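As the structure is a computational prediction, the values presented were derived from the model and not from experiment. All chains are named by letter (A, B, ...) in the order of the sequence lines, taking the proteins before the strands, and each is independently numbered beginning at 1.
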Amino acid sequence: MSEEKSLNFIEEIIERDLAEGKHTSITTRFPPEPNGYLHIGHAKSICLNFGLAIKYGGETNLRFDDTNPVTEETEYVESIRNDVKWLGFQWARERYASDYFDTLYTYAEQLIQQGDAYVDDSSPEEIAEQKGTPTQAGQRNRFADRSVEENLQLFRDMRDGKYPDGSRVLRARIDMASPNMILRDPVLYRIKHAHHHRTGDKWCIYPMYDFAHGQSDSIEHITHSICTLEFIPHRDLYNWCIEKLGIFPSRQYEFARLNMTYTVMSKRKLLQLVQEGFVTGWDDPRMPTISGMRRRGYTPESIRNFCERIGVARRENLIDVGLLEFCVREHLNQVALRRMVVFHPLRIVITTMQEGIEWLEGENNPEDANSGTRSIPFTRELLIEQEDFMEVPPKKFFRLAPGQMVRLKHAYIIRCDEVIKDDQGNITELRCSHIPNSKSGEDTSGINVKGTLHWVSQTHAIPIEVRLYDRLFRTEDPANAEGNFLDHIHPDSQQILSNALAEPALANDPADARFQFIRMGYFYGDCDTKTDKPVFNRTVTLKDTWAKEAAKK
RNA sequence: UGCCUGAUAGUAUAAGGGUAGUACGACAGAUUUUGGUUCUGUUUGUCUUGGUUCGAAUCCAGGUCAGGCAACCA
């Protein structure tokens, strides 16, 4: 197993732990706070945690870190559960930090009894002030000297709702002079008279992250508790709690979170985009959320593959969004049904064709021999893409131009004979002739053309709406760029074409099918679809070497 | 200014004292009834200065740069 691919540092730790007999099996957890939707950065963590358990035959819990009732909601719980499942993972147990509030409370009393915690009546400002600075030790105040009995009584009174929010906290007694600021008598419990999404009004004191997370890990016998780099300084406190409480020794390991170009990854910023209307919601197809990407047409396979490729390490990183796009193209190329859709129609008349319909066959997917075929009506009056014709073509323009020949995909080779214009000089129609013995699959014409165009029969075309997306920001790293990240929003990140025209087969395709609109990109049906006019989101463009070539000029 | 992390091609990620490799990108070519796909080739890298060693990306010391830490957020 370890021969095929090199191990990341966490896999190395696990293999060592297993080899040394420190553990006989492993348990991991994915611990989201239900205060927002999951994004691609969470996907990295999900794939890591669940992937590790799968690889080493262990289990993964889904645990909601719901210790702050004022920001957390059931809506988020539902979306998180849904997203993890959609990504293809199944948790062994669904747990909530709030499941452990009673145990956590007992642990707190234990610390008080041991003289390891005390109730402090200081205000948040006073506590901050007494904390010192990175270069200056902090000072304990007079409340630190209270007796065990007094602390116990005060803490029980806190629990019983005798004090208002912010009036008192429970603090660990560790070291006010520690070079690690986290250890300067950190707050363990605070008073919040707030309704909790699961425990209701049972509690008015809630544990802080540091007093809930590690203990929850321990209660669940999590062997490897994997979190991101910013929790490194918390590890000392994580271990302190476990040691003082004498409970199962879970261990914390940190890896670098995912950052990606042309987007933002913090829940706070994503929430702002939603609340201030820069996007239509958490699941806007331009959002880096799992739900947004799902709606856009990303597949779970491609996201998992992406997470595999980016690797896991401890250095900060900024992943090129191009890698994500590569991953989704790679998968969609294998599975997407090919269909022809014209975005900006230009009418052409095949003057050499008789009236009537010739039904042609087109493979559903040239990459998949078992994908079958669909029928395509070919008639005298067709629509092609406006950009596939140029009256005065540049060099290496392998498309249609006066006197030039191209193949119509799945049909015949045609030549442009005449350009028809209106009074203003706009091109309204092309007159073309076809080469009768050049039909796809039975071409005996001997003519070689460089270009192949997609097209639809004018009378059979069905109207659809197509939504084209671009990156949400125009700066590589908007979160760290000059000024506010909102200044870097891409103003045209969404383009809606409400009059695209599709070949008729599209009307009968399943709603959840993945499509490649030939030469135009990968598309996926949107939930906004009404029966009269289906809506399709562009998941990603095709690689376009011609556009690159043309841009060089 | 204290402590904690980290530094390998453009971007990521391997090599664990013995030939710096892989993926994406870029570039060039071949194939192609999608300017798609596929295939081939090319290109670019060990932060710095010393030390240990026959030999250092790897071990040691100093430096530089980047990130994190002073929420009753997680």
Side-chain angles (χ1 to χ4, degrees), chain A residues 5-8 12 31-33 35 65-68 70-72 97 120 122-124 127-129 131-138 165-171 178-184 186-192 205-206 208-210 212-213 227-236 254 256 261 267-268 309-327 329-330 333-334 338 340 366-367 396-399 406-411 413 438 440-441 443 448-454 516-521 541-550:
Chain A
K5 192 172 178 293
S6 57
L7 304 177
N8 65 48
E12 288 179 0
E33 183 189 12
N35 67 346
D65 231 332
D66 55 352
T67 56
N68 186 359
V70 305
T71 57
E72 295 152 6
D120 190 336
S122 307
S123 69
I127 288 179
E129 211 171 299
K131 203 145 221 171
T133 69
T135 52
Q136 248 181 311
D165 288 8
S167 59
R168 283 182 169 85
V169 290
L170 182 72
R171 287 231 252 173
S178 173
N180 181 353
M181 301 284 297
I182 302 287
L183 260 25
R184 320 247 263 225
V187 172
L188 267 23
Y189 263 92
R190 76 286 216 190
I191 301 171
K192 273 182 196 283
I205 58 171
Y206 292 93
M208 298 287 289
Y209 165 85
D210 285 307
H213 199 97
C227 62
T228 46
L229 255 28
E230 67 268 28
F231 292 99
I232 289 175
H234 294 253
R235 189 175 59 228
D236 289 340
E254 311 88 9
T261 56
K267 273 198 264 187
R268 203 204 97 242
R309 284 175 190 253
I310 58 178
V312 179
R314 273 169 76 85
R315 66 193 134 214
E316 307 252 353
N317 58 77
L318 180 62
I319 305 281
D320 188 343
V321 68
L323 181 61
L324 214 211
E325 294 174 345
F326 167 83
C327 290
R329 282 193 192 105
E330 183 182 52
N333 180 48
Q334 301 302 316
R338 269 57 169 180
M340 295 198 285
E367 305 296 319
K396 292 203 273 183
F397 184 79
F398 305 142
R399 306 182 189 181
V406 294
R407 172 172 295 282
L408 294 180
K409 181 76 180 170
H410 301 306
I413 292 173
S438 68
S440 279
D443 185 351
N448 253 326
V449 292
K450 284 256 179 125
T452 300
L453 308 186
H454 62 281
Q516 182 196 109
F517 294 167
I518 291 177
R519 304 207 306 139
M520 302 306 273
T541 59
L542 256 28
K543 215 169 112 185
D544 191 346
T545 48
W546 167 246
K548 206 188 293 177
E549 180 75 20

From C-beta outward on R519(A), which listed nucleotide comes closest to its side chain: A14(B), U34(B), U37(B)? U34(B)
Confirm from the modelled atom types if E367(A) and G36(B) form a donor-acceptor pair under 3.5 Å, side chain to base only. yes
Ranking S438(A) and I232(A) by the position along RNA chain B of their nearest nucleotide, the one closer to 5' is I232(A)
Would you tabulate the nitrogen or oxygen pairs shorter than 3.5 Å linking the protein to nucleotides 29-32 of chain B?
none

To the closest 0.5 Å, what do you measure between CG (L170(A)) and CG (L188(A))? 5.0 Å
Can you check nucleotides 20-24 of chain B for protein contacts, nitrogen or oxygen pairs under 3.5 Å, and list what you find?
residue : atom : partner : partner atom : Å
A23(B)  : O2'  : R309(A) : NH1          : 2.8

Kindly say whether, by distance alone, the side chain of Q136(A) makes a donor-acceptor pair under 3.5 Å with the base of U1(B)? no
Salt bridge (charged side-chain N to carboxylate O under 4.0 Å, His left out) partners for R235(A), two or more places apart: E254(A)
Looking at every heavy atom in both E33(A) and N68(A), which two are closest together, and how far apart are they? OE2-CB, 4.0 Å
With H213(A), which residues qualify under ring pair (Phe, Tyr, Trp, His ring centres under 6.0 Å), at least two apart? Y209(A)
Using a 4.0 Å heavy-atom cut-off across all strands, classify H410(A) as base, sugar-phosphate, or nothing. base
My understanding is that only residues two or more places apart in sequence, or in another chain, count here; which of them pass salt bridge (charged side-chain N to carboxylate O under 4.0 Å, His left out) with R190(A)? none
5'-most by nearest nucleotide on RNA chain B - G441(A) or L318(A): L318(A)
Does D443(A) have any side-chain hydrogen bond (donor to acceptor under 3.5 Å, both in side chains) partners at least two apart in sequence or in another chain, and if so, which? R407(A), S445(A)
Those residues that, when tested against D66(A), pass salt bridge (charged side-chain N to carboxylate O under 4.0 Å, His left out) (two or more places apart): none
Just by protein heavy atoms under 4.0 Å, how would nucleotides 68-74 of chain B read 5' to 3' in B, S and -? -SBSBSB
Taking any heavy-atom pair under 4.0 Å as a contact, classify E254(A): base, sugar-phosphate, or nothing. nothing
Test of understanding: with salt bridge (charged side-chain N to carboxylate O under 4.0 Å, His left out), list the residues that count as partners of E129(A), not counting sequence neighbours. none
Map every base of RNA chain B to its dot-bracket character, where paired means a Watson-Crick or G-U wobble contact with both distances under 3.5 Å and | marks a partner outside the strand. .((((((..((((....[..)))).(((((.......)))))....(((((..]....))))))))))).....
Donor-acceptor under 3.5 Å (S438(A) side chain, I413(A) main chain): yes
Just call it for R314(A): base, sugar-phosphate, or nothing, with non-hydrogen atoms closer than 4.0 Å on any strand. sugar-phosphate
Nearest heavy atoms of D210(A) and H234(A), plus distance in Å: OD1-ND1, 2.8 Å
Taking side-chain hydrogen bond (donor to acceptor under 3.5 Å, both in side chains) as the test, write out the residues that go with K267(A), two or more places apart. N35(A)
By nearest atom, which of the nucleotides U37(B), G35(B), A12(B) is closest to the I310(A) side chain? A12(B)
How is V449(A) classified with respect to the nucleic acid when contacts are heavy atoms under 4.0 Å: base, sugar-phosphate, or nothing? nothing
Which part of the nucleic acid does F517(A) contact within heavy-atom distance under 4.0 Å: base, sugar-phosphate only, or nothing? nothing
Would you please say whether a donor-acceptor pair under 3.5 Å links the side chains of N180(A) and S178(A)? no
I'd like a table of atom pairs between the protein and nucleotides 43-45 of chain B - only N or O on both sides, under 3.5 Å - with the distance next to each one.
none

Once you apply a heavy-atom cut-off of 4.0 Å, does R184(A) come out as touching a base, just sugar-phosphate, or nothing? nothing
